[in-house]
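Scroll down for the structure; my scribbles are underneath it.
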Amino acid sequence: MDCREILEGLSEYIDEELADKTCREIESHLKHCYNCRVVVNTLRRTVTLYHEAPQPELPGDVRMRLHKVIRLGEESD
């Protein structure tokens with residue numbers, strides 16, 4: 001695998017959605033490629049921070065308007 005291929009499957013790799021063989025190929029590449037390791041580690045940390053961050057509460061009127069817009073978007077699909 002080359003760096004471009006690693007980046008194309010990065011989200012699936014981080015989410016553990018790839019086949020074992022593909023994961024092994026990526027991990028083999030990461031052992032020898034500092035730049036890809038930095039990208040993978042940065043993305044992993046970003047995902048972790050996002051999941052750990054408290055979810056902000058929306059004021060009631062904003063929440064109602066958002067849900068209304070979302071429902072309107074679903075009707076046009």
Side-chain angles (χ1 to χ4, degrees):
M1 293 191 108
D2 62 22
C3 297
R4 183 185 52 76
E5 291 172 311
I6 298 295
L7 295 177
E8 287 175 357
L10 194 52
S11 291
E12 292 84 1
Y13 175 71
I14 297 292
D15 293 337
E16 300 177 354
E17 296 174 347
L18 294 175
D20 289 343
K21 180 181 184 247
T22 305
C23 289
R24 285 192 301 273
E25 291 173 1
I26 290 173
E27 289 160 4
S28 175
H29 177 88
L30 293 175
K31 287 179 185 176
H32 306 286
C33 184
Y34 174 79
N35 291 333
C36 285
R37 271 198 317 272
V38 168
V39 171
V40 168
N41 291 336
T42 301
L43 181 57
R44 275 191 178 134
R45 185 67 183 141
T46 301
V47 169
T48 298
L49 289 171
Y50 172 79
H51 287 290
E52 291 174 352
Q55 297 297 313
E57 273 299 313
L58 294 176
D61 62 323
V62 174
R63 180 182 293 262
M64 287 178 15
R65 288 190 318 226
L66 178 61
H67 284 252
K68 183 178 179 182
V69 168
I70 290 170
R71 282 192 298 273
L72 288 175
E74 290 174 354
E75 292 173 5
S76 64
D77 288 343

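As the structure is a prediction and not an experimental result, all values here were calculated from the model. We're numbering straight along the sequence, starting at 1.
Between Arg65 and Lys68, every side-chain heavy-atom pair lies at or beyond the 4.5 Å cut-off. Between Cys3 and His29 the shortest side-chain heavy-atom distance falls below 4.5 Å.
Interatomic distance, Ile6 CD1 to Leu10 CG, rounded to the nearest 0.5 Å: 8.0 Å. The CG atom of Leu30 lies 8.0 Å from the CG atom of Asn41; values are rounded to the nearest 0.5 Å. Distance CD/Glu27 to SG/Cys36: 13.0 Å, rounded to 0.5 Å.
The stretch residues 29-41 participates, sequence neighbours left out, in no salt bridge (charged side-chain N to carboxylate O under 4.0 Å, His left out) pair at all. Within the structure, no pair that satisfies the salt bridge (charged side-chain N to carboxylate O under 4.0 Å, His left out) test touches residues 41-53, not counting sequence neighbours.
A search for side-chain contact (heavy atoms from CB on, under 4.5 Å) contacts involving Asp20 returns Arg24, not counting sequence neighbours. Residues passing the side-chain contact (heavy atoms from CB on, under 4.5 Å) test with Pro56: none are found, sequence neighbours excluded. Remark: Glu25 engages Met1, Lys21 in a side-chain contact (heavy atoms from CB on, under 4.5 Å) (not counting sequence neighbours). Here Tyr50 pairs with nothing under the side-chain contact (heavy atoms from CB on, under 4.5 Å) rule; sequence neighbours left out. Listed by chain and residue number, Arg63 satisfy the salt bridge (Lys or Arg N to Asp or Glu O under 4.0 Å) test with Glu57 (two or more places apart in sequence, or in another chain). The salt bridge (Lys or Arg N to Asp or Glu O under 4.0 Å) test applied to Glu5 returns no partner, not counting sequence neighbours. With sequence neighbours left out, the salt bridge (Lys or Arg N to Asp or Glu O under 4.0 Å) criterion links Arg4 to Glu8. Residues that satisfy the side chain to side chain donor-acceptor pair (under 3.5 Å) test with Glu17, not counting sequence neighbours, are absent from this structure.
Minimum interatomic distance between Val40 and Tyr13 (heavy atoms only, all atoms of both residues): CG1-CE2, 4.1 Å.
Taken together through direct or relayed side-chain contacts under 4.5 Å among Ile, Leu, Val, Met, Phe, Trp and Tyr, Val38 and Leu7 form parts of separate hydrophobic clusters. The hydrophobic clustering, which links ILVMFWY residues whose side-chain heavy atoms are closer than 4.5 Å, places Ile70 and Val62 together.
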